[in-house]
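Quick notes on the structure that follows.
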Amino acid sequence: MRAGRWILVGLAALAGGAPTPAGGQDGPGGPPVVVASKPFGESFLLAEMFAQLLEARGLRVDRRPGLGATEIAFAALRRGAIDVYPEYTGTGLLAILHQRPDPDPAAVYRRVSAEFLARYGVRWLPPLGFQNTYAIAVRRATADSLGLRTLSDLARAGPRLRAGLTADFIGRDDGLPGLARAYGLRFREVRALLPAVKYQALAAGGVDVIDGYSTDGLILKYDLTVLRDDRSFFPPYEAAAVVAPGLARRQPEAVAALTELSGRLSDAAMRALNRRVEVDGEPIPRVAAAALAALGLTTHAGAEAAAGRGLSAGPPVRDGLMAYLWAERRTLAALTARHLLLVAVSLAAAILVAVPLGLALERLKRGAEGVIRGVGVLQTIPGIALLAFMLPLLGIGVVPALVALFLYSLYPILRNTYTGVRTAAPDAVAAALALGMTPRQILRHVRLPLAAPLVMAGIRTAAVIDVGTATLAAFIGAGGLGEPIASGLALNDTRMILSGALPAALLALAVDALLGAGERLLKAGG
Amino acid sequence: MTAPPDGIALAARSVSKQFGNLTALDAVSLEVRRGECVALIGESGSGKTTLLRCFNRLTDPDAGLVLVDGTDVGRMDPVALRRRVGYVPQESGLLPHWRVQRNAALVPWLRGAPDAEAQGERALALVGLDPAAIGPRWPRDLSGGQRQRVAVARALAGQPDIVLLDEPFGALDAITRADLQGTVIELRRRLGFTALLVTHDLAEAFLLADRVGVMHSGRLEQVASPDELRRSPATGYVRTLLARARVAQ
């Protein structure tokens with residue numbers, strides 16, 4: 001009961017302590033507009049441009065960058081958990097509406113804007129002006145030696161080549177399956193690669209073919225050859241802002257502000273902006289501010305102010321890791337505190353459930369293994385998938401993150417509690433029974449104290465797993481040290497990844513040491 | 001009913017127990033007189049431990065009647081019964097996270113006696129252990145013989161009239177076993193409690209018991225004093241058992 005109250009206190013602290021300038025109360029200009037992105041560089045950049053533009057028009061903004069992927073971002077938008085994020089018409093057509101591709105950009109835009117409004121109440125604002133379609137890329141040397149210029153050429157050479165594709169692309173109908181049908185394409189081998197590593201894998205010769213986006217800055221950096229889609233398989237992917245059902249009603253001025261960007265970004269301009277972010281490593285807020293100023297949408301002074309906020313506006317040349325960590329210390333401290341709270345609250349809840357459940361199962365005996373295995377199955381659900389399942393129920397943010405972490409913490413604690421009370425000194429348990437202890441007394445005075453070290457070990461295991469898993473919280477906008485990890489992965493920025501990963505590792509060690517000390521204290525006391 | 005009920009501490013009447021296909025007890029009847037020590041002997045699986053466990057309801061028989069001090073144990077609260085009847089298991093079964101003094105005081109503590117600790121200490125002294133020296137130690141710091149002595153003290157701390165001993169010295173070396181056997185003989189002489197002893201050692205049975213019951217395949221083949229058993233074994237099984245144990249001569 002007392003612990004339950006602490007969980008509430010923890011939740012309240014989490015809700016109040018968001019590192020983003022969210023704020024609970026509605027200030028002038030209505031509630032903040034929640035601007036989100038998917039976890040890759042261009043999406044981050046466009047979302048930041050949306051955010052700065054809204055701020056320049058006097059609206060308050062809550063930034064939720066790097067939401068899981070299409071399913072998570074779109075589900076969040078449908079529910080109104082976020083107000084706007086950048087999406088691509090082709091993705092809307094194929095991945096969300098599950099309709100057949102169409103080569104005509106205008107037709108695709110008309111179709112998605114009509115269908116989204118009818119089905120979900122979601123609006124597509126007029127396109128931003130550039131397309132970012134899939135780009136199948138090879139090393140220039142490969143292209144030259146095999147004479148590859150088009151995807152038809154690739155179909156010829158495919159059986160000799162190894163492909164490294166993002167999991168998204170391998171599964172989507174407008175990805176590998178459709179491409180293979182359209183061109184009769186087969187590869188010697190297909191490997192699933194994270195977006196963050198595929199360019200390096202290609203450059204290093206680990207794979208021969210990758211899927212990229214046509215506006216990726218890294219295509220320029222690694223001097224890759226993009227193969228022409230000579231049969232027009234890929235549908236048009238025009239970028240546009242998609243807007244939640246409620247925003248137009250609530251804050252039409254926000255929709256008006258976002259529309260100012262429509263038609264203003266060309267392919268070349270977007271590729272150059274992406275290059276500044278992905279290759280040169282410039283901070284996203286600064287690139288976004290400069291882009292808006294160049295378009296005449298904000299004043300230069302406003303851009304300077306915007307650039308000063310968020311990521312620190314250091315020189316574009318990359319500093320060393322330590323200097324970076326020092327410069328980001330305030331942000332990192334806030335993220336670490338958030339991370340710790342996520343872990344503490346979910347772990348406390350898991351202890352409150354798993355320990356009594358383990359004890360109850362020991363009494364039950366029959367069926368206990370089944371229940372424990374069932375809980376164990378939860379452990380095998382990938383974090384992102386679990387978050388995606390829960391999204392329709394719990395939305396994004398802190399609550400679903402806590403529920404996911406809670407579910408992941410159950411198994412080690414439950415298993416160890418059950419095994420601990422089960423296997424505790426059978427001779428002593430038998431004698432205690434024979435001399436007249438009641439089952440309850442045996443549990444309380446014999447099994448539980450003897451199982452305590454195993455139970456504690458389970459809690460420590462769960463805590464360390466929790467600290468690691470909590471990095472996933474970033475994908476549903478719950479903050480924590482996963483934020484710089486997700487951004488760093490998307491931007492191919494090792495320094496940024498480490499700025500989240502190192503504190504997370506230290507946190508895991510610290511939490512384990514703390515619980516270890518608690519365990520010794522407990523032992524000394526008992 | 002040959003003896004008056006007040007003279008019988010433990011009685012089993014046509015007790016049967018089945019574990020799956022295995023017949024552990026097949027209509028066994030036995031009486032243990034007040035102050036008497038009866039040893040049950042037999043191979044593993046002969047049913048001797050099952051019979052002993054019927055007397056503190058660690059096992060409930062399928063058929064038949066089990067009486068303790070003339071009362072049907074089926075009508076008694078098992079927890080209350082167990083707190084009344086002393087019990088010594090083969091492996092001491094001391095609680096590893098309790099100090100010796102707390103282990104010894106277990107039954108008085110369970111009964112809610114205000115002087116439980118003192119009763120435990122008296123019991124330790126009774127079995128020849130110095131409460132001041134041994135009491136504060138942990139079970140793991142004792143030798144096997146000392147642990148078993150503490151187990152005997154624990155069984156006696158509540159001053160029971162009846163003590164059940166389930167192969168209490170089976171795991172000990174010969175010298176330690178002889179020591180403890182001597183202690184039990186001495187304690188019985190001083191305290192006069194009724195004892196039911198399960199053992200696979202015929203020499204131990206003959207040494208400690210007034211009467212010996214030979215069990216075989218769930219049946220009680222013969223119950224008699226050691227002399228009578230030597231003189232006139234009732235069945236072929238008893239004869240072979242005696243011959244094998246070389247105590248017949």
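Protein chains get the first letters and strands the later ones, always in sequence-line order, with residue 1 at the start of each.
In terms of heavy-atom pairs under 4.5 angstrom with chain A, the leader among B/Arg84, B/Glu91, B/Arg53 is B/Glu91. With chain B as the partner, the residue from A/Val429, A/Leu450, A/Thr438 showing the most heavy-atom pairs under 4.5 Å is A/Leu450. Of the listed residues (B/Pro89, B/Pro96, B/Ser92, B/Ala151), the one with the most heavy-atom contacts under 4.5 Å to chain A is B/Pro96. The greatest number of non-hydrogen atom pairs below 4.5 Å with chain A, out of B/Asp166, B/Val85, B/Leu164, B/Leu95, is found for B/Leu95.
Other residues, nucleotides and ligands contribute more than 12 heavy atoms inside 6.0 Å of the CD atom of B/Gln181. Taking a 6.0 Å sphere around CZ of A/Arg444, one finds it holds 12 or fewer heavy atoms contributed by other residues, nucleotides or ligands.
If you measure heavy-atom distances from B/Leu58 to chain A, the contacts under 4.5 Å come from the side chain alone. Proximity to chain A is limited to the side chain of B/Val107, based on heavy atoms less than 4.5 angstrom apart. At a 4.5 Å heavy-atom cutoff, A/Ala430 makes no contact with chain B through either its backbone or its side chain.
Residues A/Gly436 and B/Arg83 share a closest heavy-atom pair of O-NE, 2.7 Å. Contact between B/His97 and A/His445 at its shortest, heavy atoms only, is NE2-O, 2.5 Å. Residues B/Gly93 and A/Ala431 approach most closely at O-CB, 3.4 Å, considering heavy atoms.
Between the B/Arg82 side chain and the A/Leu435 main chain, no donor and acceptor come within less than 3.5 Å of each other.
Within the 4.5 Å cutoff, the side chain of B/Leu106 has heavy atoms near those of the A/Met437 side chain. Inter-residue side-chain proximity for A/Asp427 and B/Gln90 is flagged as unmet; no heavy-atom pair is nearer than 4.5 Å.
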